Undergrad: 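For reference, the structure I am asking about is given below.
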Amino acid sequence: MNQPNDVKHFVASIAFDKRLYREDIAGSVAHARMLARQGIISLREAETITTALASIQGEMERGEFPFSVDQEDIHMNIEARLFEKIGPVAGKLHTARSRNDQIALDLRLYTRKAIADTLRALRGLQRALVETAERHRGVIIPGYTHLRRAQPVLLTHHLLAYFEMVERDKGRFRDCLERSDVLPLGSGALAGVPYPVDRQSVAQELGFPRISANSLDAVSDRDFLLEYQAAAAIAMLHLSRLAEEIVLWTSAEFAFATIPPEFTTGSSIMPQKRNPDVAELVRGKTGRVYGHLMGLLTVMKGLPLSYNRDMQEDKEGFFDTVDTLLACLEMCAGMVKGLEFDRRRTLKAAEADYTLATDVADYLVGKGIPFREAHGIVSRLVSYALSQGKPLNALGLEDYRRFSPLFEEDVRRISARTSVAARHVPGGTAPRQVAAALRRARRLIEREELTE
């Protein structure tokens, strides 16, 4: 039936699913070879088909393929070109398969590659975090709660917090791979196929460790795409937090760090300004990835088994999620690698605003006072210091003894360095603990690079 042009364009997906051409051709080659092994088509027919498919792939990679909206999607575009090249034998390729299991296969192959690319990009960000952390060993910054200075921490410790977030992101993508890496081909339109196909051999050729257990499920669910997008949304959350810290750290108000100029842009009217636009865009693109996740959840939420055309809407958001996440990971790695910190300014900030008050309370605990009582004493001490307009390290011993006779001269030796050194517990910010965490992080990256 001839469709009006507006309907053709409305139902066509070739504009975006053409990026699946490698996966579609790889699946078709494996399928044709299996059909020949099983005697469903002849070996010569399979060779004719696979040779022509290789030629078609070459056309696509050279930008010479005549994509047509009349053929609707990547599958039919390739099939139409196959008919042009080899005639009626092209029709034998679609024996024992449907576009339903074909697209499920293409998407699983694409997702598998996307996960591999994402894991490499996540590791690239981890490498940048480790290199910058190593380059700034010993730098102390204020740690924050509620965006208020709280306690001193090592900058390396702070950067390694993001390393741990990214490590969990990698775990989520590996979990997604476990459930994506399943061969759906052989499920047909929904009920399986009435031919003696060898699904295991196709799985082996395409590198799938398992075949799908239920044909209805195999063609009608996209939870593996949802899982990728959910993992991507969490990864983007982490990137957005990192980007926000870069924006803050490199502002004039903080002035803790400088950002490489190639990651900034100028103002259209104020010649003195260099704006952290790359970091801001990472932050902004996070909402875009969230939206794609919600979009696919909404598409899938009311669909009865099995395949429904609604599921054509699974691709554009997914592809954009992959592209966006990979681009943001690359940008964040570059920004982090180029950050340079002003250690004198960060140390001054780390000791300002009474960030050592908790250490003074811990000092009293060491003298035998219950922590809650010590907390109250130091709270009053800080109020007094504020009224005098003095930081704690400017108070004399007589000032301290206004609030407890247990204070000795050594209380005035409490500093940001003694504060971080005191937190010598696993996972803490003490230099030896952080050095061990840094060595562990470096080993983890190197081990993954060796096994890739």
Side-chain angles (χ1 to χ4, degrees), residues 132-133 135-161 245 248-258 339-435 437-438:
T132 301
R135 199 170 67 249
H136 292 88
R137 284 178 185 242
V139 173
I140 296 176
I141 66 171
Y144 292 82
T145 62
H146 310 279
L147 203 57
R148 302 293 189 271
R149 292 171 184 167
Q151 292 178 311
V153 297
L154 290 177
L155 171 63
T156 297
H157 191 55
H158 192 110
L159 293 173
L160 289 179
E245 300 230 73
L248 290 173
W249 285 341
T250 59
S251 68
E253 283 69 20
F254 279 68
F256 288 173
T258 56
L339 286 173
E340 291 295 339
F341 287 81
D342 182 340
R343 64 177 59 223
R344 283 179 294 184
R345 185 174 178 88
T346 59
L347 178 61
K348 183 179 179 181
E351 292 187 328
D353 295 331
Y354 307 99
T355 60
L356 301 175
T358 305
D359 296 271
V360 176
D362 291 332
Y363 173 93
L364 290 175
V365 170
K367 300 285 188 177
I369 293 181
F371 181 80
R372 280 298 169 205
E373 183 180 341
H375 183 282
I377 291 170
V378 177
S379 178
R380 293 190 291 276
L381 173 66
V382 169
S383 295
Y384 170 76
L386 279 166
S387 71
Q388 300 299 305
K390 294 179 179 180
L392 288 178
N393 60 8
L395 296 178
L397 180 59
E398 64 280 7
D399 294 315
Y400 278 91
R401 285 188 162 171
R402 282 172 174 263
F403 301 93
S404 173
L406 294 177
F407 284 120
E408 303 290 344
E409 186 61 35
D410 59 347
V411 72
R412 302 181 69 245
R413 292 197 290 271
I414 292 174
S415 68
R417 296 196 183 282
T418 65
S419 176
V420 298
R423 280 146 178 84
H424 188 56
V425 295
T429 193
R432 279 191 292 166
Q433 293 292 339
V434 173
L438 196 53

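Small disclaimer: the values here were computed from a predicted structure and weren't measured. One-based numbering along the sequence shown.
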Undergrad: Can you check whether Phe407's main-chain N or O pairs, donor with acceptor, with Arg401's side chain at less than 3.5 Å?
TA: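 Here the side-chain-to-backbone pair exists.
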Undergrad: To check you understand the geometry: which heavy-atom pair defines the closest contact between Leu160 and Leu438, and what is its length?
TA: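 Result for this residue pair: CD1-N, 3.8 Å.
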Undergrad: Could you tell me which non-hydrogen atom of Leu356 sits nearest to which non-hydrogen atom of Pro152, and how far apart they are?
TA: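 The pair with the smallest heavy-atom distance is CD2-CG, 3.7 Å.
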Undergrad: CD1 of Ile369 to NZ of Lys367: how many Å apart, nearest 0.5 Å?
TA: 9.5 Å
Undergrad: Distance check, rounded to the nearest 0.5 Å: Leu159 atom CG versus Ile141 atom CD1?
TA: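 Answer for the CG-CD1 pair, Leu159 versus Ile141, is 7.0 Å.
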Undergrad: Of the non-hydrogen atoms in Ala255 and Asp342, which two are nearest, and what is the gap between them?
TA: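 Between these two residues, the closest heavy atoms are O-CB, 4.3 Å.
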Undergrad: Against Leu392, only a single residue in Val378, Leu381, Asp359 fulfils side-chain contact (heavy atoms from CB on, under 4.5 Å); can you say which?
TA: Leu381
Undergrad: Evaluate Ile140 against Val153 for side-chain contact (heavy atoms from CB on, under 4.5 Å), listing each step before the verdict.
TA: CA-CA 6 Å; Ile140 296 176; Val153 297; over 6 Å; no
Undergrad: Donor-acceptor pair, distance only, cut-off 3.5 Å: does the side chain of Thr250 make one with the backbone of Ala257?
TA: no
Undergrad: Under the 3.5 angstrom rule, does the side chain of Ser404 hit a backbone N or O of Tyr400 as a donor-acceptor pair?
TA: no
Undergrad: I need the Leu364 CG to Ile377 CD1 distance, nearest 0.5 Å.
TA: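 Answer rounded to 0.5 Å: 5.5 Å.
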Undergrad: Looking at every non-hydrogen atom in both residues, tell me the closest pair between Phe371 and Ala361 and how far apart they are.
TA: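 Closest approach of Phe371 to Ala361, heavy atoms only: CE1-CB, 4.1 Å.
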Undergrad: Give a yes or no answer on whether the side chain of Arg135 reaches the backbone of Leu339 with a donor-acceptor pair at less than 3.5 Å.
TA: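 Answer holds: yes.
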Undergrad: Return the OH to OG distance between Tyr354 and Ser379, rounded to the nearest 0.5 Å.
TA: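 The OH atom of Tyr354 sits 12.0 Å away from the OG atom of Ser379.
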Undergrad: What are the two closest non-hydrogen atoms of Ser415 and Glu351, and how far apart are they?
TA: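 Where Ser415 meets Glu351 most closely, the heavy atoms are CB-OE2, 3.6 Å.
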Undergrad: Kindly write out the residues that satisfy ring-ring contact (aromatic ring centres under 6.0 Å, His included) with Phe403, not counting sequence neighbours, or none if the list is empty.
TA: Tyr384
Undergrad: Listed by chain and number, what are the salt bridge (charged side-chain N to carboxylate O under 4.0 Å, His left out) partners of Glu409, not counting sequence neighbours?
TA: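 Arg412.
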Undergrad: Between OH of Tyr144 and CG of Leu248, what distance do you get to the nearest 0.5 Å?
TA: 8.5 Å
Undergrad: May I ask you to decide if Gly428's main-chain N or O and Gln433's side chain share a donor-acceptor pair within less than 3.5 Å?
TA: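 The answer is no, because no donor-acceptor pair under 3.5 Å joins these two groups.
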Undergrad: Does atom NZ of Lys348 have more than 12 heavy-atom neighbours, drawn from other residues, nucleotides or ligands, at distances under 6.0 Å?
TA: no
Undergrad: Could you pull out the closest heavy-atom pair between Ala416 and Leu347, with the gap in Å?
TA: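 Nearest pair, atom of Ala416 first, then Leu347: CB-CD1, 3.8 Å.
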Undergrad: Against Phe341, only a single residue in Phe256, Trp249, Phe254 fulfils ring-ring contact (aromatic ring centres under 6.0 Å, His included); can you say which?
TA: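 Exactly one option meets the ring-ring contact (aromatic ring centres under 6.0 Å, His included) with Phe341, and it is Trp249.
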Undergrad: Looking at NE2 of His136 and CG of Leu155, how far apart are the two atoms once the value is rounded to the nearest 0.5 Å?
TA: 6.5 Å
Undergrad: Check for a donor-acceptor pair, side chain of Arg423 on one end and backbone N or O of Ser419 on the other, with a separation under 3.5 Å.
TA: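 The answer is yes, because a donor-acceptor pair under 3.5 Å joins these two groups.
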Undergrad: Got a donor-acceptor contact below 3.5 angstrom from the Asp353 side chain to the Thr355 backbone?
TA: no
